*Asks:* 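This is the structure I have questions about; it appears just below.
Read the numbers this way: they start at 1 and go in the same order the structure lists the ligands and their atoms. From a predicted model like this one, the values you see are computed outputs, not experimental measurements. Residue numbers start at 1 and run along the sequence shown.
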Amino acid sequence: MHVSLLDILRCPYCGGRLELVTSMFQRRDGDEVDAAVLGCYCCIFPVVAGIPVMHLEGAAPTARAHVEAGRPDLARRAMFNIDDDGRAARLDALASSNDATYQEAVEALGLNLEGGYFFYRFSDPSYLVAHQLARAVARTVLRGGGRAIDICGGSGHLTRSLMDLSSPPPVLADLYFSKIWLARRFTAPGCEAVCCDGNAPLPFARGTFRYAICADAFMFLWTKRLAVQEMLRVTDPGDEPTEHLSPGAVVISHAHNQRVWSPSHGQALPPEGYHDLFETIAPRIFSEAALFADVISGGPLHLGRHDSRAVLDRDPAVICIATRDPAVFKAHALDQSPGAPGELRLNPLYHAEPVGDRLRLRLSFPSDDYKEEFAACRQYLPDDLVVDKAALAALGTGALPPAMVDLVRRRVILDLPKRYY
Ligand SMILES: [Zn+2]
């Protein structure tokens, strides 16, 4: 973490500012703190692998003790939640290697248990919508500057969408240390990451951010009322003059609808339940299916629409946008920028088989559960296609050949972070 993060960090319990406890072990490189102990009025918290751990759950107290004892390596191992020595050694090797890939690290961390959700995230339907929402809404409210936060952002796929829009760099917040470590390392290098509990007050000062998003995770939070009030608090501009600045926005993307069953349902609310969580500002609630249709038809993303109660009630997922910035609620052209430069690669959902100088690509899902949960991806991902082997091999070495442009649009070719797989 950059030391400037201390300006915005607050204890989730006492609300106090955090300071580096200089009498205890610390490892830093200039203004970048890799391992240290932070103290407030009530508590001390560790910084592990450059990530402040702002909660007391699970391995956090053990990790803090390791940092205090001058063993940041053991602190990281504790936060990875690994007790198998072989696996821990493999992860230590991956962490210090420049050639390791995101896929290898996900597997070594045991996150493949999530059915491929993270690995295949860049082409899943809810990501497509959340990415365009992030680009449209964040670009609008951050036009005069300001910082973004991705809450419960997992391994940072959507944080990446915010990299070039947020200044200073976006903050990724999630309870699962392994996931945010992956984000800092592979998916969204340059972001700041904070390990914190979405069911507790957010460890940030009021008005720190101008844009907050929580995508694909809100229905798994138990303290939804607190979470919404916290998102409003950390984006509250207060008395700041807003002549040239946007008053900011809070977005909840892909929140499951209590009235329609979906896989990994969580503790979903009905659309009006999400609406009523926002006590001080009326959010607009959108049908995700309608915005998804906008995205796969090539845009624009119609945020000026008013979806009827009947439309919202039958959609498995809804989207909430709360803002006092009228520029958000209009049509936005789609924005194909990935947010941070990566490299064009074949979507890992495709299995390639050589046929002469061509390649036959077949869509192949990691599991039946994945196939069911993300079935809507078949509206843009073809089951079967043949491509020129040389054209695929030449990706990224010059202008994109016309035949490949359509494959990018269909998400067969993806702009992926470097060393993704
Ligand atoms: Zn405190």
*Asks:* Please examine the side chains of Pro247 and Arg210, heavy atoms only from C-beta on, and report whether any two atoms are closer than 4.5 Å.
*Replies:* no
*Asks:* If you have a sec, read the angle at the Zn ion (ligand 1) from Cys40 atom SG over to Cys14 atom SG, to 10 degrees.
*Replies:*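 An angle of 110° at the metal.
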*Asks:* Do the side chains of Arg233 and Asp236 get close enough for a salt bridge, i.e. N-O under 4.0 angstrom?
*Replies:* no
*Asks:* When you measure from the centre of the six-membered ring of Tyr211, is the NZ or CZ of Arg147 under 6.0 Å away and within 45° of the axis?
*Replies:*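 Judged by the rule, Arg147 and Tyr211 form no cation-pi pair.
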*Asks:* Taking the basic N atoms (NZ, or NE/NH1/NH2) and the acidic carboxylate oxygens, is any pair closer than 4.0 Å for Arg309 and Asp313?
*Replies:*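 Salt bridge between Arg309 and Asp313, a charged N being under 4.0 Å from a carboxylate O: yes.
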*Asks:* State, to the nearest 10 degrees, the angle whose vertex is the Zn ion (ligand 1) and whose arms point to SG of Cys42 and SG of Cys11.
*Replies:*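 Roughly 110°, rounded to 10°.
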*Asks:* Of all the atoms in Cys43, is at least one N, O or S atom closer to the Zn ion (ligand 1) than 2.8 Å?
*Replies:*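 Not a single backbone or side-chain N, O or S atom of Cys43 is under 2.8 Å from the Zn ion (ligand 1).
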